[in-house]
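Accompanying notes for the structure given below.
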Amino acid sequence: MEEILNTKLSIESWLQIGIAILIMYGIIELVYLYFFKKYVGMKDYKQTTINFGFVILMNMLIGSIIGTLSTGVFVIWGYQSTFFTTDLVWYWWIYGLLVYELFYWIQHWLAHKVRLLWCLHSPHHAPESMNMFVGFNHHFLEVMFYMPFFLGFLPALLGVHPVIVLSISLVDVIWGNLLHINDSVMSKKYGFLEKILQTPSYHRVHHAQNIRYMDTNYTSITLFWDWVLGTLQPIDDSEKVVYGITREVESSSFWDVQFGEIMLLVKDIWNAPTLKARFLYMVKPPGWSPTGEHKTASALKKLATRG
Ligand SMILES: [Zn+2]
Ligand SMILES: [Zn+2]
(Lines give C-alpha, C1' and ligand atoms only; values in the text may rest on other atoms or scores of the structure.)
(Ligands and ions follow the chains in the order given, each with its own letter.)
Protein backbone atom coordinates (compact mmCIF):
# COMPACT_ATOMS: atom_id res chain seq x y z
CA MET A 1 0.00 0.00 0.00
CA GLU A 2 2.84 2.40 0.82
CA GLU A 3 4.25 1.84 -2.66
CA ILE A 4 0.85 2.68 -4.19
CA LEU A 5 0.58 5.86 -2.11
CA ASN A 6 4.07 6.94 -3.25
CA THR A 7 3.17 6.26 -6.90
CA LYS A 8 -0.09 8.19 -6.40
CA LEU A 9 1.93 11.19 -5.15
CA SER A 10 4.35 11.05 -8.06
CA ILE A 11 1.55 10.71 -10.67
CA GLU A 12 -0.27 13.62 -9.00
CA SER A 13 2.82 15.80 -9.27
CA TRP A 14 3.10 14.90 -12.98
CA LEU A 15 -0.54 15.88 -13.27
CA GLN A 16 0.18 19.27 -11.69
CA ILE A 17 3.11 19.83 -14.07
CA GLY A 18 0.89 18.82 -17.02
CA ILE A 19 -1.89 21.20 -15.95
CA ALA A 20 0.62 24.05 -15.45
CA ILE A 21 1.94 23.51 -19.02
CA LEU A 22 -1.63 23.43 -20.40
CA ILE A 23 -2.46 26.70 -18.61
CA MET A 24 0.71 28.31 -19.99
CA TYR A 25 -0.25 27.14 -23.47
CA GLY A 26 -3.81 28.45 -22.87
CA ILE A 27 -2.42 31.92 -22.08
CA ILE A 28 -0.22 31.89 -25.22
CA GLU A 29 -3.27 30.81 -27.25
CA LEU A 30 -5.31 33.66 -25.72
CA VAL A 31 -2.63 36.25 -26.59
CA TYR A 32 -2.39 34.86 -30.14
CA LEU A 33 -6.18 34.93 -30.65
CA TYR A 34 -6.49 38.43 -29.21
CA PHE A 35 -3.70 40.08 -31.18
CA PHE A 36 -3.57 38.07 -34.41
CA LYS A 37 -7.11 36.82 -35.01
CA LYS A 38 -10.49 38.50 -35.01
CA TYR A 39 -11.61 35.97 -32.47
CA VAL A 40 -15.36 35.63 -31.85
CA GLY A 41 -15.08 33.75 -28.57
CA MET A 42 -13.19 36.36 -26.53
CA LYS A 43 -16.16 36.93 -24.19
CA ASP A 44 -16.07 33.23 -23.15
CA TYR A 45 -12.76 33.89 -21.39
CA LYS A 46 -14.44 36.03 -18.71
CA GLN A 47 -16.65 33.21 -17.48
CA THR A 48 -14.03 30.44 -17.82
CA THR A 49 -11.47 32.46 -15.84
CA ILE A 50 -13.92 33.29 -13.02
CA ASN A 51 -15.02 29.65 -12.88
CA PHE A 52 -11.43 28.42 -12.79
CA GLY A 53 -10.83 30.53 -9.67
CA PHE A 54 -14.18 29.42 -8.19
CA VAL A 55 -13.35 25.71 -8.61
CA ILE A 56 -9.98 26.23 -6.88
CA LEU A 57 -11.75 28.09 -4.04
CA MET A 58 -14.39 25.35 -3.61
CA ASN A 59 -11.62 22.73 -3.63
CA MET A 60 -9.87 24.53 -0.78
CA LEU A 61 -13.13 25.10 1.12
CA ILE A 62 -14.49 21.56 0.82
CA GLY A 63 -10.97 20.18 1.34
CA SER A 64 -10.64 22.11 4.60
CA ILE A 65 -13.93 20.61 5.84
CA ILE A 66 -13.73 16.96 4.75
CA GLY A 67 -10.05 16.59 3.82
CA THR A 68 -8.27 16.58 0.47
CA LEU A 69 -10.34 15.12 -2.35
CA SER A 70 -8.82 14.07 -5.66
CA THR A 71 -9.25 11.28 -8.19
CA GLY A 72 -6.33 9.60 -6.36
CA VAL A 73 -8.30 9.51 -3.10
CA PHE A 74 -11.35 8.00 -4.88
CA VAL A 75 -9.04 5.39 -6.51
CA ILE A 76 -7.68 4.32 -3.13
CA TRP A 77 -11.24 4.07 -1.69
CA GLY A 78 -12.26 1.88 -4.66
CA TYR A 79 -9.13 -0.25 -4.41
CA GLN A 80 -9.71 -0.87 -0.71
CA SER A 81 -13.32 -1.98 -1.36
CA THR A 82 -12.62 -4.34 -4.27
CA PHE A 83 -13.04 -8.12 -4.11
CA PHE A 84 -10.28 -8.83 -6.62
CA THR A 85 -7.26 -6.87 -7.71
CA THR A 86 -5.14 -6.85 -10.82
CA ASP A 87 -1.41 -6.23 -11.08
CA LEU A 88 0.80 -4.36 -13.50
CA VAL A 89 1.11 -7.04 -16.22
CA TRP A 90 0.48 -5.73 -19.77
CA TYR A 91 -2.93 -7.33 -20.28
CA TRP A 92 -4.26 -5.69 -17.11
CA TRP A 93 -3.33 -2.33 -18.67
CA ILE A 94 -5.60 -3.18 -21.62
CA TYR A 95 -8.34 -4.29 -19.20
CA GLY A 96 -7.81 -1.03 -17.26
CA LEU A 97 -8.10 1.14 -20.37
CA LEU A 98 -11.28 -0.67 -21.48
CA VAL A 99 -12.90 -0.33 -18.05
CA TYR A 100 -11.80 3.32 -17.59
CA GLU A 101 -13.09 4.33 -21.02
CA LEU A 102 -16.36 2.43 -20.59
CA PHE A 103 -17.00 4.38 -17.38
CA TYR A 104 -15.97 7.56 -19.18
CA TRP A 105 -18.58 6.84 -21.87
CA ILE A 106 -21.28 5.95 -19.29
CA GLN A 107 -20.75 9.03 -17.09
CA HIS A 108 -20.66 11.31 -20.13
CA TRP A 109 -23.73 9.70 -21.75
CA LEU A 110 -25.65 10.06 -18.45
CA ALA A 111 -24.49 13.69 -18.19
CA HIS A 112 -26.13 14.36 -21.58
CA LYS A 113 -29.23 12.20 -21.08
CA VAL A 114 -30.30 12.87 -17.47
CA ARG A 115 -31.35 16.48 -16.98
CA LEU A 116 -30.21 16.70 -13.35
CA LEU A 117 -26.72 15.63 -14.45
CA TRP A 118 -26.87 17.90 -17.52
CA CYS A 119 -27.14 20.80 -15.03
CA LEU A 120 -23.60 19.89 -13.91
CA HIS A 121 -22.27 19.19 -17.40
CA SER A 122 -23.83 22.03 -19.45
CA PRO A 123 -21.25 24.64 -18.25
CA HIS A 124 -18.62 22.71 -20.22
CA HIS A 125 -20.75 23.07 -23.36
CA ALA A 126 -21.95 26.67 -22.91
CA PRO A 127 -18.95 28.50 -24.51
CA GLU A 128 -19.61 29.56 -28.08
CA SER A 129 -16.03 28.94 -29.10
CA MET A 130 -13.24 26.45 -28.56
CA ASN A 131 -10.07 27.26 -26.63
CA MET A 132 -7.84 25.69 -24.00
CA PHE A 133 -9.79 27.22 -21.10
CA VAL A 134 -13.01 25.53 -22.26
CA GLY A 135 -11.25 22.25 -21.37
CA PHE A 136 -11.00 23.42 -17.76
CA ASN A 137 -14.53 24.81 -17.67
CA HIS A 138 -16.54 22.39 -15.54
CA HIS A 139 -19.11 22.74 -12.77
CA PHE A 140 -17.26 22.35 -9.45
CA LEU A 141 -19.47 19.40 -8.40
CA GLU A 142 -18.67 17.60 -11.64
CA VAL A 143 -14.89 17.80 -11.17
CA MET A 144 -14.88 17.21 -7.43
CA PHE A 145 -17.36 14.33 -7.06
CA TYR A 146 -19.06 13.10 -10.23
CA MET A 147 -15.99 12.41 -12.38
CA PRO A 148 -13.71 11.08 -9.60
CA PHE A 149 -16.50 8.65 -8.61
CA PHE A 150 -16.92 7.26 -12.15
CA LEU A 151 -13.30 7.51 -13.28
CA GLY A 152 -11.49 6.79 -10.01
CA PHE A 153 -13.66 4.85 -7.58
CA LEU A 154 -15.53 2.56 -10.02
CA PRO A 155 -12.55 1.37 -12.17
CA ALA A 156 -10.60 0.62 -8.97
CA LEU A 157 -13.66 -1.18 -7.57
CA LEU A 158 -13.59 -3.38 -10.68
CA GLY A 159 -10.08 -4.40 -9.71
CA VAL A 160 -8.04 -2.07 -11.94
CA HIS A 161 -4.72 -1.44 -10.20
CA PRO A 162 -4.52 2.13 -8.78
CA VAL A 163 -1.30 2.85 -10.71
CA ILE A 164 -3.11 1.91 -13.94
CA VAL A 165 -6.20 4.02 -13.12
CA LEU A 166 -4.06 7.03 -12.19
CA SER A 167 -1.76 6.70 -15.22
CA ILE A 168 -4.76 6.54 -17.58
CA SER A 169 -6.41 9.49 -15.84
CA LEU A 170 -3.16 11.46 -16.28
CA VAL A 171 -3.27 10.77 -20.04
CA ASP A 172 -7.01 11.56 -20.03
CA VAL A 173 -6.59 14.97 -18.38
CA ILE A 174 -3.70 16.04 -20.65
CA TRP A 175 -5.10 14.66 -23.93
CA GLY A 176 -8.71 15.50 -22.98
CA ASN A 177 -7.73 19.16 -22.52
CA LEU A 178 -5.68 19.26 -25.71
CA LEU A 179 -8.84 18.26 -27.60
CA HIS A 180 -10.01 21.86 -26.99
CA ILE A 181 -7.21 23.46 -28.98
CA ASN A 182 -8.58 26.44 -30.91
CA ASP A 183 -9.57 25.79 -34.53
CA SER A 184 -7.58 28.69 -35.93
CA VAL A 185 -4.43 27.47 -34.15
CA MET A 186 -4.78 23.87 -35.32
CA SER A 187 -7.45 22.98 -37.84
CA LYS A 188 -5.74 20.04 -39.50
CA LYS A 189 -6.74 16.43 -39.03
CA TYR A 190 -4.27 13.95 -37.56
CA GLY A 191 -4.06 11.34 -40.34
CA PHE A 192 -4.09 7.75 -39.15
CA LEU A 193 -4.73 8.84 -35.54
CA GLU A 194 -8.25 9.93 -36.57
CA LYS A 195 -9.05 6.22 -36.99
CA ILE A 196 -8.21 5.24 -33.42
CA LEU A 197 -8.09 8.32 -31.15
CA GLN A 198 -10.41 11.10 -30.12
CA THR A 199 -8.85 14.17 -31.76
CA PRO A 200 -9.81 17.87 -31.71
CA SER A 201 -11.98 17.27 -34.81
CA TYR A 202 -14.12 14.68 -32.98
CA HIS A 203 -14.36 16.86 -29.89
CA ARG A 204 -15.44 19.89 -31.93
CA VAL A 205 -18.33 17.74 -33.10
CA HIS A 206 -19.10 16.89 -29.47
CA HIS A 207 -19.30 20.60 -28.56
CA ALA A 208 -21.55 21.42 -31.52
CA GLN A 209 -25.23 22.28 -31.30
CA ASN A 210 -25.83 21.22 -34.93
CA ILE A 211 -28.63 18.66 -34.64
CA ARG A 212 -26.79 15.77 -36.34
CA TYR A 213 -23.75 16.32 -34.09
CA MET A 214 -25.63 16.38 -30.77
CA ASP A 215 -24.84 13.68 -28.19
CA THR A 216 -21.94 12.02 -30.02
CA ASN A 217 -18.22 11.30 -29.35
CA TYR A 218 -18.39 10.77 -25.59
CA THR A 219 -14.96 9.34 -24.75
CA SER A 220 -11.70 11.26 -24.42
CA ILE A 221 -8.83 8.95 -25.43
CA THR A 222 -9.75 6.23 -27.95
CA LEU A 223 -12.75 5.88 -30.29
CA PHE A 224 -13.44 2.31 -29.18
CA TRP A 225 -16.58 2.61 -27.03
CA ASP A 226 -18.17 5.31 -29.20
CA TRP A 227 -17.69 2.98 -32.15
CA VAL A 228 -19.08 -0.06 -30.27
CA LEU A 229 -22.03 1.83 -28.76
CA GLY A 230 -22.99 3.70 -31.92
CA THR A 231 -22.18 7.27 -30.86
CA LEU A 232 -19.16 7.91 -33.09
CA GLN A 233 -19.58 10.91 -35.41
CA PRO A 234 -16.66 12.13 -37.54
CA ILE A 235 -16.64 15.78 -38.56
CA ASP A 236 -18.22 16.63 -41.91
CA ASP A 237 -16.10 19.35 -43.49
CA SER A 238 -19.12 20.59 -45.46
CA GLU A 239 -21.08 21.37 -42.27
CA LYS A 240 -19.78 24.26 -40.16
CA VAL A 241 -19.68 23.53 -36.44
CA VAL A 242 -21.84 25.86 -34.30
CA TYR A 243 -20.56 25.70 -30.72
CA GLY A 244 -22.68 26.04 -27.59
CA ILE A 245 -25.99 24.82 -26.19
CA THR A 246 -29.45 25.27 -27.65
CA ARG A 247 -30.89 27.56 -24.93
CA GLU A 248 -30.20 31.29 -24.89
CA VAL A 249 -27.19 31.66 -22.61
CA GLU A 250 -25.03 34.64 -21.77
CA SER A 251 -21.71 32.84 -22.26
CA SER A 252 -19.69 35.58 -20.53
CA SER A 253 -21.81 35.30 -17.36
CA PHE A 254 -20.48 33.01 -14.64
CA TRP A 255 -23.93 32.70 -13.01
CA ASP A 256 -25.85 31.95 -16.19
CA VAL A 257 -23.31 29.39 -17.44
CA GLN A 258 -22.71 27.60 -14.14
CA PHE A 259 -26.18 27.80 -12.55
CA GLY A 260 -28.64 28.79 -15.34
CA GLU A 261 -29.66 25.19 -16.15
CA ILE A 262 -30.28 24.42 -12.47
CA MET A 263 -32.56 27.47 -12.16
CA LEU A 264 -34.54 26.41 -15.27
CA LEU A 265 -34.92 22.87 -13.93
CA VAL A 266 -36.18 24.19 -10.58
CA LYS A 267 -38.70 26.38 -12.46
CA ASP A 268 -39.94 23.42 -14.56
CA ILE A 269 -40.28 21.20 -11.48
CA TRP A 270 -42.18 23.97 -9.67
CA ASN A 271 -44.62 24.40 -12.58
CA ALA A 272 -45.01 20.67 -13.32
CA PRO A 273 -48.63 19.43 -13.33
CA THR A 274 -48.08 16.19 -11.37
CA LEU A 275 -45.65 14.61 -8.91
CA LYS A 276 -44.66 12.09 -11.60
CA ALA A 277 -43.84 14.92 -14.04
CA ARG A 278 -41.70 16.58 -11.33
CA PHE A 279 -39.65 13.40 -11.00
CA LEU A 280 -39.46 12.80 -14.76
CA TYR A 281 -38.17 16.34 -15.34
CA MET A 282 -35.11 15.38 -13.26
CA VAL A 283 -34.32 12.03 -14.85
CA LYS A 284 -35.45 12.43 -18.48
CA PRO A 285 -33.15 14.02 -21.10
CA PRO A 286 -32.96 17.82 -21.41
CA GLY A 287 -35.85 19.01 -23.60
CA TRP A 288 -38.33 16.42 -22.27
CA SER A 289 -41.83 17.80 -21.67
CA PRO A 290 -44.88 16.32 -19.86
CA THR A 291 -47.05 17.55 -22.76
CA GLY A 292 -45.25 15.18 -25.15
CA GLU A 293 -43.81 18.06 -27.20
CA HIS A 294 -40.24 16.98 -26.60
CA LYS A 295 -37.24 18.98 -27.75
CA THR A 296 -34.68 16.35 -26.75
CA ALA A 297 -31.69 15.69 -29.02
CA SER A 298 -33.23 12.42 -30.25
CA ALA A 299 -36.62 14.10 -30.95
CA LEU A 300 -34.86 16.87 -32.92
CA LYS A 301 -32.82 14.29 -34.86
CA LYS A 302 -35.96 12.34 -35.76
CA LEU A 303 -37.65 15.54 -36.94
CA ALA A 304 -34.61 16.52 -39.01
CA THR A 305 -34.36 13.14 -40.77
CA ARG A 306 -38.10 13.17 -41.53
CA GLY A 307 -37.57 16.27 -43.47
ZN1 LIG B 1 -20.36 16.57 -23.11
ZN1 LIG C 1 -14.95 19.37 -24.10
Side-chain angles (χ1 to χ4, degrees), residues 18-19 22-23 25-26 29 41 44-45 47-49 51-52 55 101-143 146-147 149-151 169 171-183 185-187 190 197-223 225-226 229-235 241-247 249 251 257-258 260-262 285-287 296-298 300-301:
I19 289 175
L22 286 172
I23 292 172
Y25 166 73
E29 191 183 73
D44 290 338
Y45 277 106
Q47 182 277 134
T48 50
T49 314
N51 185 50
F52 196 59
V55 172
E101 288 225 289
L102 179 58
F103 279 121
Y104 198 101
W105 189 96
I106 293 172
Q107 63 83 21
H108 202 172
W109 182 85
L110 287 171
H112 279 247
K113 297 294 187 188
V114 175
R115 188 158 165 203
L116 201 59
L117 299 175
W118 173 247
C119 291
L120 303 188
H121 186 54
S122 68
H124 184 63
H125 283 270
E128 291 159 19
S129 58
M130 204 61 149
N131 64 65
M132 199 46 55
F133 286 99
V134 174
F136 291 112
N137 193 47
H138 291 274
H139 194 286
F140 78 98
L141 292 174
E142 189 181 37
V143 269
Y146 184 71
M147 286 173 130
F149 173 74
F150 273 95
L151 306 176
S169 69
V171 175
D172 170 21
V173 171
I174 309 286
W175 185 247
N177 274 287
L178 282 171
L179 296 179
H180 300 86
I181 194 163
N182 182 265
D183 339 24
V185 176
M186 171 65 88
S187 60
Y190 293 72
L197 290 184
Q198 293 284 352
T199 62
S201 84
Y202 285 101
H203 204 60
R204 283 167 196 153
V205 166
H206 179 71
H207 275 260
Q209 54 168 298
N210 311 43
I211 292 174
R212 63 185 289 218
Y213 287 163
M214 282 175 164
D215 295 358
T216 56
N217 303 343
Y218 286 117
T219 57
S220 66
I221 306 173
T222 75
L223 302 177
W225 287 113
D226 275 309
L229 298 166
T231 49
L232 188 64
Q233 174 64 58
I235 202 159
V241 167
V242 182
Y243 294 117
I245 53 179
T246 49
R247 81 171 167 98
V249 56
S251 70
V257 168
Q258 299 294 329
E261 285 291 327
I262 298 173
T296 57
S298 36
L300 294 175
K301 280 184 189 193

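In listed order, ligands and their atoms are each counted from 1. In what follows, every heavy atom counts, from backbone to side chain, and hydrogens, waters and symmetry copies are set aside.
- Side-chain atoms of E29 come within 3.5 Å of backbone N or O of N182 as a donor-acceptor pair.
- In terms of modelled atom types and a separation under 3.5 Å, the side chain of N217 and the main chain of Q198 share no donor-acceptor contact.
- Applying the ring pair (Phe, Tyr, Trp, His ring centres under 6.0 Å) rule to H138 yields the partners H124; only residues at least two apart in sequence or on another chain are considered.
- Between H207 and H125, the distance separating the two ring centers is shorter than 6.0 angstrom.
- The residue from Y218, Y146, W225, W118 that alone fulfils the ring-ring contact (aromatic ring centres under 6.0 Å, His included) condition with H108 is Y218.
- Closer than 2.8 Å to the Zn ion (ligand 1) sit the protein N, O or S atoms H108 NE2, H112 NE2, H121 NE2, H125 NE2, H206 NE2.
- The aromatic rings of F133 and F52 stand perpendicular to each other, their planes meeting at an angle above 60°, with 30° marking the opposite boundary.
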